[in-house]
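Position 1 is the first residue of the sequence; numbering continues from there.
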Amino acid sequence: MFILNIYLFLMVSFLVPHITGHEDIHTFKYTEDNFADSISQKNHFIMFYAPWCGHCQRLAPTWDQLAEMLNEEDTNIRVAKVDCTTDAKICSDQDVTGYPTLKFFKPGDNTGVKFRGTRDLPTLTNFINEQIRQDEDTPPGLVATKESPLKELNNDNFEKIIEKGKAFVKFYAPWCGHCQRLAPIWQDLAKAMEFNDEISIAKIDCTEFRAICTNHDVKGYPTLLWFENGQKIGKYSGDRSLDDLKNYINQMSGSEGSEKSDSKLTKETEDQPVVELNADAFSEEIKFGITFVDFYSPWCGHCKRLAPTWEQLGKKYQNEGVVKIGKVDCTVPDNREFCNEQEIDGFPSLFLYKDGQKISEYNGNRDLDDLSEFVNQHLGHDEL
């Protein structure tokens, strides 16, 4: 009987991780039948793992969050995994010697780049960003050269490029599927305007130069803004064909910016109801009153769906002196460690602060009425 009990104990101990382990419902699962064909078609970030591996089990929820954020139709990347206990040949070919091994593959590259950082969500997304960034404007068949008429903007040259004449600027993120599809068209647009000294066609990577994009109220990608003599005149929101973009340029360059009235142009005059916070100024910004903060990632599908509601929430409390609605992009390098310190383990994370102290995390429905009620409850506490 004693031996039987020990046997049952060992069997249950072995089975528990498999019974209670996290199920990666958003993660693609690859085998020898589909691995090679799949990684040849898109960028891939793949976890090579063993089900019994404790580190793999702890990473599984984060990996599935990453997959939920990125495995959407409009992204040029897939998050996947390979079970090395059932598909040993793949793992042997990939020189997997420990679990989990995380590798990033670009189309046509069967070797991959191994990830060696900490396995938290902000660090993983930043690694993906770095891998994809260099390819954003070099789709197959198009090679970017130093002589390209398309100007690459950064902290050093942004103001210089836009301060004189007219500039049409694409604000983008390397991971954005819409940006990737626009890239060759934007390159052709720059070539078409190459000999027009009055107009610059440019682009700026918002994942690398976040402050500039924040200053110009960039909330989605791609955002196409028109500048005249250093002033932001408006935002293009029409079709993104080469002819439509050319027509827009012809229209904008044919009259003064103050007289533009086309339906594809919106004035950028309203104060921003949601405050973009960062690690350096966070403590100062939340020092007084109620601050409700959305810790987010631009990759995250749930974050994208929350964004317009969060904007409405900001507008609702915009004139309320003791309430501030804010947000923090946890993929920005300077914010990654700060988000870890705030114990952000998924996106979006909604935390409420009162007079500089974290009071509560919101886990309810993300509609405007429920979010408002949550804020009002804490406002009510101030009146007791």
Exercise for review: For I77 and K42, run side chain to side chain contact (heavy atoms under 4.5 Å, CB included): C-alpha distance rounded to whole Å, both residues' side-chain angles, the deciding distance at 0.1 Å, then the answer.
Suggested key: CA-CA 6 Å; I77 184 170; K42 286 194 173 190; over 6 Å; no
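- Remark: D243 CG to K246 NZ distance equals 6.0 Å, nearest 0.5 Å.
- Side-chain contact check for Q94 and K103: at least one donor-acceptor pair (N or O, by modelled atom type) lies under 3.5 Å.
- D370 places a side-chain heavy atom less than 4.5 Å from the side chain of E373.
- Contact check for F168 versus L245: side-chain heavy atoms found under the 4.5 Å cut-off.
- Between the side chain of N365 and the main chain of D367, no donor-acceptor pair closer than 3.5 Å is present.
- If you chain together hydrophobic residues whose side chains sit under 4.5 Å apart, Y296 and F171 never meet in one group.
- Between N71 and T27, the closest heavy-atom pair is ND2-CA, 4.2 Å.
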Exercise for review: Evaluate the side-chain hydrogen bond (donor to acceptor under 3.5 Å, both in side chains) criterion for residues T31 and D87: first the C-alpha distance (whole Å), next the side-chain angles of each, then the deciding distance (0.1 Å), finally the verdict.
Suggested key: CA-CA 6 Å; T31 65; D87 291 277; 4.7 Å; no
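- Here the side chains of K358 and Q342 are in contact, with some heavy-atom distance below 4.5 Å.
- Side-chain atoms of N215 come within 3.5 Å of backbone N or O of A211 as a donor-acceptor pair.
- The two atoms that bring V218 and C206 nearest to each other are CG1-SG, 4.2 Å, heavy atoms only.
- With a 6.0 Å radius and a threshold of 12 heavy atoms from other residues, nucleotides or ligands, E341 has its CD atom above the threshold.
- Checked by atom type, the side-chain pair T123/D120 shows a donor-acceptor distance below 3.5 Å.
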Review point. Please walk me through it: do S372 and K316 pass side-chain hydrogen bond (donor to acceptor under 3.5 Å, both in side chains)?
Key: CA-CA 8 Å; S372 300; K316 183 169 183 175; 3.2 Å; yes
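- Side-chain N/O atoms of Q251 and N247 include no donor and acceptor closer than 3.5 Å.
- E228 places no side-chain N or O within 3.5 Å of a backbone atom of G165 that could act as its donor or acceptor partner.
- Within 6.0 Å of CD on Q41 lie more than 12 heavy atoms contributed by other residues, nucleotides or ligands.
- In this structure, F45 has its ring center under 6.0 Å from that of F127.
- The shortest distance between side-chain heavy atoms of Q131 and F105 does not fall below 4.5 Å.
- Looking at every heavy atom in both residues, N34 comes nearest to S38 through O-OG, 2.7 Å.
- With rounding to the nearest 0.5 Å, the separation of CZ in F115 from OG1 in T101 is 12.0 Å.
- Of the possible donor and acceptor atoms, none in the side chain of K327 sits under 3.5 Å from a partner among the backbone N and O of V293.
- A donor-acceptor pair shorter than 3.5 Å cannot be found between the side chains of T223 and K235.
- Side-chain N or O atoms of D355 include one that pairs as donor or acceptor with a backbone N or O of G289 at under 3.5 Å.
- Aromatic ring pairs are classed by plane angle as parallel below 30°, tilted from 30° to 60° and perpendicular above 60°; the pair F292 and F374 is tilted.
- Atom CZ of F209 and atom CG of N154 lie 4.5 Å apart (nearest 0.5 Å).
- Linking ILVMFWY residues whenever their side-chain heavy atoms come closer than 4.5 Å, directly or via other members, places L242 and Y236 in the same cluster.
- Counting heavy atoms from C-beta outward, N229 and E163 have side chains that stay 4.5 Å or more apart.
- The shortest heavy-atom contact between A202 and W186 is O-NE1, 2.9 Å.
- Less than 6.0 angstrom separates the ring centroid of F351 from the ring centroid of F295.
- Residue-environment remark: CD (E361) exceeds the threshold of 12 foreign heavy atoms within 6.0 Å.
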Point to revise | Verdict with reasoning, H378 to S360, per side chain to side chain contact (heavy atoms under 4.5 Å, CB included) | key: CA-CA 10 Å; H378 289 277; S360 179; 4.0 Å; yes
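- Between the side chains of H26 and Q65, no donor N or O sits under 3.5 Å from an acceptor N or O.
- Not one N or O on the side chain of W310 forms a donor-acceptor pair closer than 3.5 Å with the backbone of I325.
- A donor-acceptor pair shorter than 3.5 Å can be found between the side chains of Y30 and H44.
- Hydrophobic cluster membership differs between L277 and F288, with clusters built from Ile, Leu, Val, Met, Phe, Trp and Tyr side chains linked at under 4.5 angstrom.
- Of all the heavy atoms in P100 and L59, the pair that sits closest is CG-CD2, 3.9 Å.
- Considering CD1 of I128 and CG of N43, their distance stands at 9.5 Å, rounded to 0.5 Å.
- Using a 4.0 Å cut-off between charged nitrogen and carboxylate oxygen, E285 and K324 count as a salt-bridge pair.
- At a threshold of 4.5 Å between non-hydrogen side-chain atoms, the residues L102 and I46 do not count as touching.
- Closest of all the heavy-atom pairs between T309 and R366 is CG2-O, 3.6 Å.
- Looking at W63, its side chain never comes within 3.5 Å of a backbone N or O of V79 through a donor-acceptor pair.
- T125 contributes a side-chain N or O that, together with a main-chain N or O of L121, makes up a donor-acceptor pair within less than 3.5 Å.
- Residues F282 and Y353 bring their aromatic ring centres within 6.0 Å.
- In this structure, E32 places its CD atom where more than 12 heavy-atom neighbours from other residues, nucleotides or ligands lie under 6.0 Å away.
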Exercise for review: Step by step, work out the side chain to side chain contact (heavy atoms under 4.5 Å, CB included) result for T207 and Y172.
Suggested key: CA-CA 8 Å; T207 65; Y172 74 95; over 6 Å; no
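- Note on R210 versus D329: salt bridge recorded, some NZ/NE/NH1/NH2 to OD/OE distance being below 4.0 Å.
- Side chains of D239 and S241: a donor-acceptor N/O pair is absent below 3.5 angstrom, by distance only.
- Judged purely by atom type and a 3.5 angstrom limit, N335 has no side-chain atom pairing as donor or acceptor with the backbone of N278.
- A 6.0 Å sphere centred on NZ of K114 holds more than 12 heavy atoms belonging to other residues, nucleotides or ligands.
- Side-chain atoms of K151 never come within 3.5 Å of backbone atoms of N157 as a donor-acceptor pair (strictly under, hydrogens ignored).
- Two residues are said to be in side-chain contact when any heavy atoms from C-beta on lie closer than 4.5 Å; K29 and D83 fail this criterion.
- Put simply, CG on N363 and CG on L350 are 8.0 Å apart, with the number rounded to the nearest 0.5 Å.
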Point to revise | Step-by-step salt bridge (Lys or Arg N to Asp or Glu O under 4.0 Å) determination, R240 to D244 | key: CA-CA 6 Å; R240 297 178 188 142; D244 283 314; over 6 Å; no
Practice item. Using the salt bridge (Lys or Arg N to Asp or Glu O under 4.0 Å) rule, take K203 and E152 through it: C-alpha gap first, then chi angles, then the decisive distance, then the call. Key: CA-CA 5 Å; K203 62 176 184 175; E152 181 83 43; 3.0 Å; yes
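- The shortest distance between side-chain heavy atoms of M69 and H302 does not fall below 4.5 Å.
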Exercise for review: Mind running side chain to side chain contact (heavy atoms under 4.5 Å, CB included) on E276 and V328 for me, showing each step along the way?
Suggested key: CA-CA 6 Å; E276 184 80 35; V328 175; over 6 Å; no
